[in-house]
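Just so it is clear, the values below take in all heavy atoms, side chains as well, and ignore hydrogens, waters and symmetry mates. No experiment lies behind these values; they were computed from the predicted model shown.
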Amino acid sequence: MPNIIEINDLTLPELDLYARLTDSQLRCRVEPEKGIFIAESLKVIARALEAGCRPLSFLMERKHIEGQAKELLARFPDVAVYTADRAVLEKLTGYQLTRGILCAMHRPPLADVEAVCARASRVAVLEGIVDSTNIGAIFRSAAALGIDAVLLTPTCCDPLCRRAIRVSMGTVFQIPWARIGDSPAEWPHPGLDRLRLLGFKTAAMALSDRAVSIENPALCAEKRLAIVLGTEGDGLSKSTIADCDYTVCIPMSHGVDSLNVAAASAVAFWQLRVR
């Protein structure tokens, strides 16, 4: 039998994780200190569990206990299931639970760059991307379009914040990822040097007079290629662009100069995939 706990007091300390579910709080305070992230929806929770993540507690509407979550809860009879009507849950979390099920989970150990790149032929490197929606969308494209791993510079948004996980549809648990450096001082160097030691050529996605078209056959011919994407506003730093092996642009029409980084990533991943 599931360990059902009716919510009668919104101030219970056990509910603090759910009561503070804003993106900024998850990134900056709750997750780093307590090693916890929040997965939302049955599909996303299932993908996290398949990746080896361990549930700490569940939060859901009553109807799901004997409904869509029944088989899931049967697997974890000792894990607390906090429940109430939708109105109470919205008051607790501060937003509408469109999927009806949340799960607080223990954060898995962070992998290292060499481990996630060991067998990779195509990796995405994200420089300073801070929007959680973009992070989630890039991970989803990476999973769908043949990217073997994602590397994030130290200033990137946390892929395990709630919004990024939700937008990715749980693919953050399917694609290996790592931080390339522990502080901003470690990127672009020695970060780019680590990639070269691993045998990668680096392709900076950027607008530049020296940029080659993404259709250039030399790019697809590279056995190991790191596709480097920059932050939403300014794009890649000048030093990163200068030190990459290629500068690559996507040909545009109608006077449009660039795409949103998430859209650009999908185009780049598809075009530069291993044939």
Within the 4.5 Å heavy-atom criterion, are [X] and [Y] side-chain neighbours or not?
X	Y	answer
F76	P2	no
L102	F58	no
V79	L56	no
I250	M205	yes
L126	T153	no
L59	T93	yes

So for atom [atom1], which belongs to [X], do other residues, nucleotides or ligands contribute more than 12 heavy atoms lying within a distance under 6.0 Å?
X	atom1	result
D9	CG	yes
R273	CZ	yes
R119	CZ	no

Do any N or O atoms from the side chain of [X] and from the backbone of [Y] form a donor-acceptor pair under 3.5 angstrom?
X	Y	value
Q271	V267	no
Y246	A211	no
E127	S237	yes
D85	V88	no
R122	I227	no
N3	P77	no
S41	V44	yes

Legend entry - Axial cation check for F200 ring with R224, 6.0 Å and 45° limits: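 Yes, R224 sits over the ring of F200.
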Out of curiosity, [X] [atom1] to [Y] [atom2], how far, rounded to the nearest 0.5 Å?
X	Y	atom1	atom2	result
C53	I36	SG	CD1	12.5 Å
I165	F37	CD1	CZ	5.5 Å
L272	I214	CG	CD1	4.5 Å

I'd like to know if the side chain of [X] pairs up with that of [Y] as donor and acceptor (distance under 3.5 Å, no hydrogens or angles considered).
X	Y	result
E6	Y82	no
E232	N260	no
R140	S168	no
T83	E61	no

Legend entry - Test: D245 and R196 ion pair at under 4.0 Å: yes
Inset, instruction - Evaluate side chain to side chain contact (heavy atoms under 4.5 Å, CB included) for I4 paired with R62, printing each intermediate quantity in order. - result: CA-CA 10 Å; I4 309 299; R62 289 190 186 92; over 6 Å; no
